[in-house]
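Right, one structure below, let's go through it.
Below, read A as the first sequence line, B as the second, and so on, with proteins coming before strands; counting in each chain starts at 1.
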2 protein chains.
Amino acid sequence: MSESSGISLLLVDDHPVVRNGLRGMFESTPGFTVLAEASNGVEAVELAADLTPDVILMDLRMPGGGGLDAITELTRRGIRSKVLVLTTWDTDTDTLPAIEAGATGYLLKDAPQDELFNAVRQAAAGRTVLSPAVASRLVSAVRSPAPSPLAARERQVLELVAKGTSNRDIARELFISEATVKTHLSHVFTKLGVTDRAAAVAKGYEQGILGRD
Amino acid sequence: MSESSGISLLLVDDHPVVRNGLRGMFESTPGFTVLAEASNGVEAVELAADLTPDVILMDLRMPGGGGLDAITELTRRGIRSKVLVLTTWDTDTDTLPAIEAGATGYLLKDAPQDELFNAVRQAAAGRTVLSPAVASRLVSAVRSPAPSPLAARERQVLELVAKGTSNRDIARELFISEATVKTHLSHVFTKLGVTDRAAAVAKGYEQGILGRD
DNA sequence: CGCGGCATCACCCGAATGGCTGATGCCGGG
DNA sequence: CCCGGCATCAGCCATTCGGGTGATGCCGCG
């Protein structure tokens, strides 16, 4: 942390107006210093590597080096600047990936100024800041209602398979014959595009069919 | 929403002192009405079904009907009250399950009053409110840095297994013998407490060893 | 320096798995 | 009314698994 000049910032946005607006806001407020600006992800990574700002305010959608890749790269390089994603609309599907990639927070640009300031401070302190909309998204992703392509019986079988139940025991458990279990499993394999139970379980988790107990 | 009297509340906590404290806070603040209190989950569900408060402030750990079950039951019954989980420490492993069960927000009891008020208003409006600590938890669950008990090689093998690779092909892929693959897998089984590859994959996902590509 | 964890390999064997072919009954949509 | 999806069942058969037992070499920690 650059103690003397408060929280140091790197602004990343392809739109100069936005950068200017942000720079204005932060420069006219004690406790913040704008170290530099970048207009794309690649630049952002370079500057961040050089200047190690406390917080990087980053737009996601940018020409010439997307924000997402930039975040990934930053974390890969072990640069400790906190990334605060600032986006215009949150209709994006990128919110989750961004967070997974290592973003510390996610805010909408229409957030009131003090919320923004506050978020930056929180981020600098390493705390996660999510705008309500994003938090909701994240939460609903956790309880994602993934429609499964599997028939009810097939899902049941798959669940038991995931628990390590053998075909024979699945048969017993569901009061059907082992042959039927095998048939169901074959269908599961076909539908999931795999050839064995282990991969089927993996797909099951990947597609959210399994995993929500 | 009970327009006339602001946001209506149901307080659920096994500790009378806490209930009292909360009641005091909310009754002395315009815009809130405490409809009732409950000291356990079962009571809470009954009262909620009866009174349909706008927001339910609920402790998680309670004797006689845990908060988690209560939340589950509420969502099951389609009761539209928003549940705001209020917990003392957040060391719990319950935060995620609670959210998955349908909690609208998750706050620590040591949150400052206005934050609490604000959270309740947000919750009443259907927005998700997470205290920073919980948000972090949630986020890190998404990119879970779960320390896997598996050795490097073992993890590799498990990953291939999840892709449906046969032992023989795993051997080829890793330039080792099939026997070695089997040995690794045996160890994986032991460490994960399962007996077959399908269950191993399931555990792998469950424990965050697999799933983050 | 010995013990434990990791990584490697071998051989045996019984049981489980997955592919294939084929069949029946039910149900709902076109 | 027929077709397709679901659910049920059967038998055959090659392959794969998983367990057991045992062995070697390397490395790090005490």
Side-chain angles (χ1 to χ4, degrees), chain A residues 144-213, chain B residues 144-213:
Chain A
S144 87
S148 107
L150 297 186
R153 213 50 166 167
E154 290 161 355
R155 215 175 319 131
Q156 279 179 38
V157 171
L158 182 57
E159 272 160 26
L160 289 170
V161 164
K163 289 204 223 157
T165 319
S166 74
N167 290 346
R168 178 175 306 165
D169 289 342
I170 293 173
R172 281 203 242 279
E173 194 129 347
L174 299 183
F175 303 105
I176 57 183
S177 91
E178 205 178 324
T180 306
V181 174
K182 290 180 70 175
T183 308
H184 286 320
L185 260 184
S186 288
H187 292 156
V188 170
F189 293 163
T190 309
K191 292 186 181 175
L192 297 184
V194 298
T195 48
D196 73 75
R197 44 181 58 216
V201 169
K203 281 276 183 187
Y205 275 94
E206 223 68 80
Q207 305 192 5
I209 301 169
L210 294 175
R212 11 217 106 274
D213 305 310
Chain B
S144 107
S148 106
L150 297 187
R153 213 51 164 164
E154 289 161 357
R155 217 175 320 134
Q156 277 180 38
V157 172
L158 183 57
E159 272 161 25
L160 289 170
V161 164
K163 288 204 221 154
T165 321
S166 74
N167 290 347
R168 176 175 308 168
D169 290 340
I170 293 173
R172 281 203 242 278
E173 193 129 350
L174 298 183
F175 304 105
I176 57 183
S177 91
E178 204 178 326
T180 306
V181 173
K182 291 180 69 176
T183 309
H184 286 320
L185 261 182
S186 287
H187 292 157
V188 170
F189 294 165
T190 309
K191 291 183 182 177
L192 297 184
V194 299
T195 47
D196 72 77
R197 43 179 60 214
V201 169
K203 279 277 182 187
Y205 275 94
E206 222 69 79
Q207 305 192 5
I209 300 170
L210 295 174
R212 10 220 104 273
D213 308 310

### Query
Do A/V188 and A/K203 have side-chain heavy atoms sitting under 4.5 Å apart?
no

#### Entry: Five-pair end axes of the helix from C/dC1-D/dG30 to C/dG30-D/dC1 and the angle they enclose, rounded to 10°
50°

### Query
Picking from B/D169, B/N167, B/V181, B/L174, what satisfies side-chain contact (heavy atoms from CB on, under 4.5 Å) with B/L160?
B/L174

### Partner set under side-chain contact (heavy atoms from CB on, under 4.5 Å) for A/A199, not counting sequence neighbours
A/V194, A/D196

### Task
Drop me the distance from B/T180's OG1 to B/L185's CG, to the nearest 0.5 angstrom.
11.5 Å

### Query
Hey, does A/E154 have a side-chain heavy atom less than 4.5 Å from the side chain of A/I209?
no

### Message
Tell me whether the count of non-hydrogen atoms from other residues, nucleotides or ligands lying under 6.0 Å of NZ in A/K163 goes above 12.
### Response
no

### Task
Hey, could you give me the CD1/NE2 distance between A/I176 and A/H184, rounded to the nearest 0.5 Å?
4.5 Å

### Task
Sugar-phosphate atoms are those with a prime plus P, OP1 and OP2; base atoms are the rest. Using that split, label each nucleotide of nucleotides 6-20 of chain C B, S or - for protein heavy atoms under 4.0 Å, 5' to 3'.
SSBBB-B---SSBB-

